[in-house]
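In what follows, a single structure is set out as structure tokens and then discussed.
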Amino acid sequence: MSIYDTLNSEQKKAVLETDGPVLILAGAGSGKTRVLTHRIAYLIDECGVNPWNILAITFTNKAAGEMRDRVDKIVGFGSESIWVATFHSTCVRILRRYADKIGYENNFTIYDSDDSKSVLKDICKRYQLESQQLKLRNIQTAISHAKDNCVDAHEYATAAGTEYRKQRIAKAYLEYESTLKKNNAMDFDDLLLNTVKLFRDNPEILKQYQERFRYIMVDEYQDTNNVQFEFIRLLADRYKNLCVVGDDDQSIYRFRGANIRNILDFEKVYPNAFVVKLEQNYRSTQSILDAANCVIKNNFGRKEKALWTDEGKGEPVRFKRCNTGPEEAEFIASDIVKLKKQGRADYKDIAVLYRTNAQSRLIEERFVYEGIPYDLVGGVNFYGRREIKDLLAYLKTIDSGADDLSVRRIINVPKRGIGATSIEHVQNYADKINISFLKACEEADMIPGLNKSAMAKCVAFANMIRVFRAYEKECTLEQLLQRVIREINYLDYLATIDDNADTEDNEREQNVDELISKMAAYEEKEDEPTLTGFLEEVALVADIDNVSDDDDKVLLMTLHSAKGLEFDHVYLAGMEENLFPSYMTLMNEDSDPEGVEEERRLAYVGITRARKQLTLCCAKARMTRGQLQYNGVSRFVTEIPREMLNDISVSDGGFLFDGGESINDDDDIDLDTGSIFKKKMDFSKSTGYGASPVAKSPYAGTKAAVSYSGGRPVAKAAPAKKRAVPKDKPFIAGAAATHKKAGITGLKKGMPGMEILDYGVGDRVLHVKYGTGVVKEIVKEPRDYKVTVDFDEFGQKIMFAAFAKLKKL
DNA sequence: AAAGCAAGCTTTTTT
DNA sequence: AGCTTGCTTT
């Protein structure tokens with residue numbers, strides 16, 4: 001008996017069909033990872049394929065790591081030379097070798113979407129590209145989609161033709177591209193697009209990789225976009241041993257450019273493709289699968305399939321409609337407490353899934369209140385935090401210095417008295433002679449318009465970076481980071497930036513510590529740790545990558561993040577029309593019916609995460625963006641026949657939800673379970689948890705709870721006690737603040753003060769920024785003169801004489 | 001230069 | 001509602 005005998009017949013077919021294109025349509029929970037790993041083992045052990053020739057691509061590092069572990073377990077020898085990686089890291093590895101072939105340096109930096117955004121913002125400002133109809137956000141997604149479709153800036157500009165909107169996007173795109181190139185930086189989309197470019201322009205390099213990767217496997221194929229498709233197509237073009245695994249019903253990343261046609265049309269692109277359907281589910285009970293099937297069958301144009309299981313019916317799917325959002329959270333929390341008490345589940349067997357990150361707050365608050373330990377996935381990314389971005393910018397600058405964005409981020413952080421005006425001068429100079437911002441700082445004494453002290457500060461900054469670079473050569477990465485933090489007094493700086501000094505700064509400090517440990521961990525595990533390598537790793541992690549099931553905690557996350565995971569008990573929160581499906585998709589339903597279909601697939605993903613018990617929850621009324629909204633029950637609930645649901649909305653049973661109908665203000669609702677009127681009152685007072693110690697400041701409590709422990713960027717439920725100890729700290733901080741304030745005012749006294757003005761009403765004056773204008777009015781104030789000037793170009797401005805520094809003409 | 005304040009936007013999802 | 005942003009104020 002071989003390991004392959006444990007597979008079912010369809011799985012076995014998928015494993016044994018090793019050559020040529022293969023499409024595995026793998027329903028949720030049908031054991032696709034198992035198939036993939038066995039397939040790899042089969043290739044190596046039975047077909048004599050060199051592990052070196054195998055490439056397996058996934059979407060997340062977490063998935064890659066899991067696959068790697070499982071492959072290691074069943075492949076006898078050489079499993080370490082199998083290339084298992086995400087799309088992005090695969091491309092980075094290729095580009096680190098060959099970026100110079102397409103006009104980059106090989107040590108390019110990687111921009112996350114925040115970085116792209118700030119670059120674009122500068123551009124939009126400079127060229128006045130933003131408007132009511134065309135917002136920064138639109139431009140950013142337009143560019144991203146263009147890249148997803150392999151359209152570069154020039155092609156986009158050509159295609160834009162006379163269309164004004166597109167012309168402006170094209171302008172932004174062109175500028176954006178040249179800025180990134182100048183900064184030797186690539187964004188996420190570039191990693192793919194540039195690799196494809198590299199392959200297209202350099203057939204010999206492509207051939208080399210084609211020869212290397214003779215057997216290619218792609219997981220989650222339904223979520224590939226067009227560049228990813230092209231990347232794979234090119235790689236597989238020589239041997240065509242391409243095996244893709246996916247489920248069209250789980251395609252949920254269209255907004256990110258994923259093209260569901262890639263999987264639906266696979267057989268058109270590869271007419272001789274071997275197709276296998278895996279429909280037997282090894283995860284969930286039949287009740288859960290029935291619910292999933294009922295929902296997903298409402299989609300059109302899908303590949304027909306239906307999940308089934310050998311296991312029994314199990315418990316029926318539960319449905320609970322609460323009055324309000326907080327009540328929904330309360331229900332979920334108390335239900336979990338019950339599960340735990342009855343010994344039916346550990347915390348780690350439970351997940352709460354929702355459509356939008358904003359929904360996590362209420363649930364978190366309630367969890368803190370009930371003392372339920374939880375991990376929060378997503379939300380504000382660890383690497384998106386200010387203090388982390390600052391330090392990474394230092395590291396990036398030390399590593400390369402070509403990236404102006406990073407240099408400009410830190411040149412005045414902590415404050416060095418280099419203000420916006422000075423930065424502008426330096427930038428202008430750099431632009432003029434086409435050098436980097438950092439280089440311009442080095443030769444700041446050559447910069448016209450820059451005053452003496454600013455010059456000195458810029459040069460000092462450049463020197464400091466030089467010193468840091470020397471450190472890099474002589475000490476470990478961790479020591480380097482520690483030294484940087486110490487020498488720029490970063491922790492002192494952090495203490496000054498948050499005004500609510502009690503918890504915030506402490507949290508930032510913890511994040512800094514966390515970054516240090518991540519650096520240390522990286523150094524530990526890597527054979528040849530480099531700064532570039534660390535920055536790269538950091539740039540390509542997703543929040544979900546850091547989730548491990550070692551901790552006994554309930555997981556809170558969006559439905560998107562949950563793809564690929566499974567739990568005994570799953571709560572789907574916020575099953576309401578306008579929330580899920582979101583009002584955005586409902587608004588565009590007529591013009592874009594695909595949107596709702598994608599939401600339905602998302603519902604399908606959510607439902608099929610559950611192994612034993614699924615609970616669908618919603619609220620009749622909910623606070624959304626500061627407004628009370630009444631939502632009907634989500635269609636994804638009503639698509640499941642009532643008799644298949646156990647409605648527990650009223651504890652004594654018998655109450656059935658009323659269709660998808662929404663309720664109005666003056667509808668009388670459930671006066672027996674607490675009237676909606678009363679709940680409305682609750683909304684006005686924070687979030688309605690009365691006088692509990694946590695409720696005193698529910699949000700602050702939650703924030704404090706979001707800490708970074710155990711090496712992962714996830715929140716954990718913090719005990720509510722935290723407040724008591726640092727009680728005297730705000731006092732000290734407050735005292736310090738007072739001193740500082742006094743210091744500033746003291747300084748102020750010695751400042752310009754009341755000078756005698758050399759101009760009067762009616763005179764023409766010159767302002768450094770606003771140019772020329774006419775003085776309209778001068779009002780004497782206790783400290784200074786308030787001068788009103790009508791500028792020729794900027795209109796009327798009121799300013800203080802001491803700061804305006806007007807010159808009489 | 002930096003603090004303080006009003007305005008507007010957001011969040012649907014993220015490698 | 002909460003957060004970021006830009007403008008005003010000192």
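Just so it is clear, the values below take in all heavy atoms, side chains as well, and ignore hydrogens, waters and symmetry mates. Throughout, a chain's letter reflects where its sequence line sits, starting with A, and its residues are numbered from 1.
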Any side-chain N or O of Asn61(A) below 4.0 angstrom from OP1/OP2 of dT15(B)?
no
Picking from dT14(B), dT11(B), dT10(B), the nucleotide nearest the side-chain atoms of Lys135(A) would be dT10(B)
Ion pair present between Asp247(A) and Lys563(A), side-chain N to carboxylate O less than 4.0 angstrom?
no
Report yes if at least one side-chain N or O of Ser113(A) is closer than 4.0 Å to OP1 or OP2 of dT14(B); otherwise report no.
no
Parallel, tilted or perpendicular: which fits the ring planes of His560(A) and Phe255(A), with parallel below 30° and perpendicular above 60°?
perpendicular
Looking at Arg256(A) and Asp148(A), does any basic side-chain N land under 4.0 Å from a carboxylate oxygen?
no
Value in whole Å for how far the P atom of dT11(B) lies from CE of Met584(A):
8 Å
Given dA2(B), dT14(B), dT12(B), the nucleotide with the shortest approach to the side chain of Ser582(A)
dT12(B)
Assess whether one donor atom and one acceptor atom, taken from the side chain of Arg355(A) and the base of dT13(B), lie less than 3.5 Å apart.
yes
Can a side-chain donor-acceptor contact be found between Gln222(A) and Arg601(A) if the only test is distance below 3.5 angstrom?
no
Contact nearer the 5' end of DNA chain B, comparing Val541(A) with Tyr583(A)
Tyr583(A)
Which part of the nucleic acid, if any, lies within reach of Glu598(A) when heavy atoms closer than 4.0 Å are counted: base, sugar-phosphate only, or nothing?
nothing
Atom CG of Leu192(A) to atom C1' of dT14(B): distance rounded to whole Å?
14 Å
Under a 3.5 Å distance rule, please check whether Thr608(A) uses its side chain to pair with a backbone N or O of Val605(A) as donor and acceptor.
yes
Can you check the Arg256(A) CZ to dT13(B) C1' distance for me, whole Å?
9 Å
Please state how far atom CE in Met557(A) lies from atom P in dT13(B), giving the value in whole angstrom units.
15 Å
Rounded to whole Å, please give me the gap between NE2 in His88(A) and C1' in dT14(B).
10 Å
Over how many whole Å does the gap from Phe188(A) atom CZ to dT13(B) atom P extend?
16 Å
As a check on the pairing definition, encode DNA chain B in dot-bracket form, counting Watson-Crick and G-U wobble pairs whose two distances are under 3.5 Å, and using | for partners outside this strand.
||||||||||.....
Residues Asp187(A), Lys117(A): salt bridge by 4.0 Å N-O rule
no
Between dG6(C) and dT11(B) - P atom distance, rounded Å:
16 Å
In whole angstroms, the gap separating C1' of dT11(B) from CD of Gln629(A) amounts to 13 Å
Provide, to the nearest angstrom, the distance between the CE atom belonging to Met186(A) and the P atom belonging to dT15(B).
20 Å
Name the nucleic acid region contacted by Thr585(A), choosing base, sugar-phosphate or nothing; use a 4.0 angstrom heavy-atom cut-off, strictly under.
nothing
OP1 or OP2 of dT13(B) sitting under 4.0 Å from any side-chain N/O of Lys563(A)?
no
SB check Glu599(A) Arg355(A) (cutoff 4.0 Å)
yes
Please determine if a side-chain N or O atom of Asn357(A) lies less than 4.0 Å away from the OP1 or OP2 oxygen of dT14(B).
yes
Candidate pair Arg635(A) and Glu589(A), rule salt bridge (Lys or Arg N to Asp or Glu O under 4.0 Å), full reasoning:
CA-CA 14 Å; Arg635(A) 63 189 67 189; Glu589(A) 196 174 356; 3.3 Å; yes
Can you work out whether Glu599(A) or Thr86(A) has the more 5'-proximal nearest nucleotide on DNA chain B?
Glu599(A)
Are Phe255(A) and the base of dT13(B) stacked, counting only ring centres nearer than 5.5 Å and planes tilted under 30°?
yes
Kindly point out which of dA2(B), dT15(B), dG6(C) is positioned nearest to the side chain of Lys121(A)?
dG6(C)
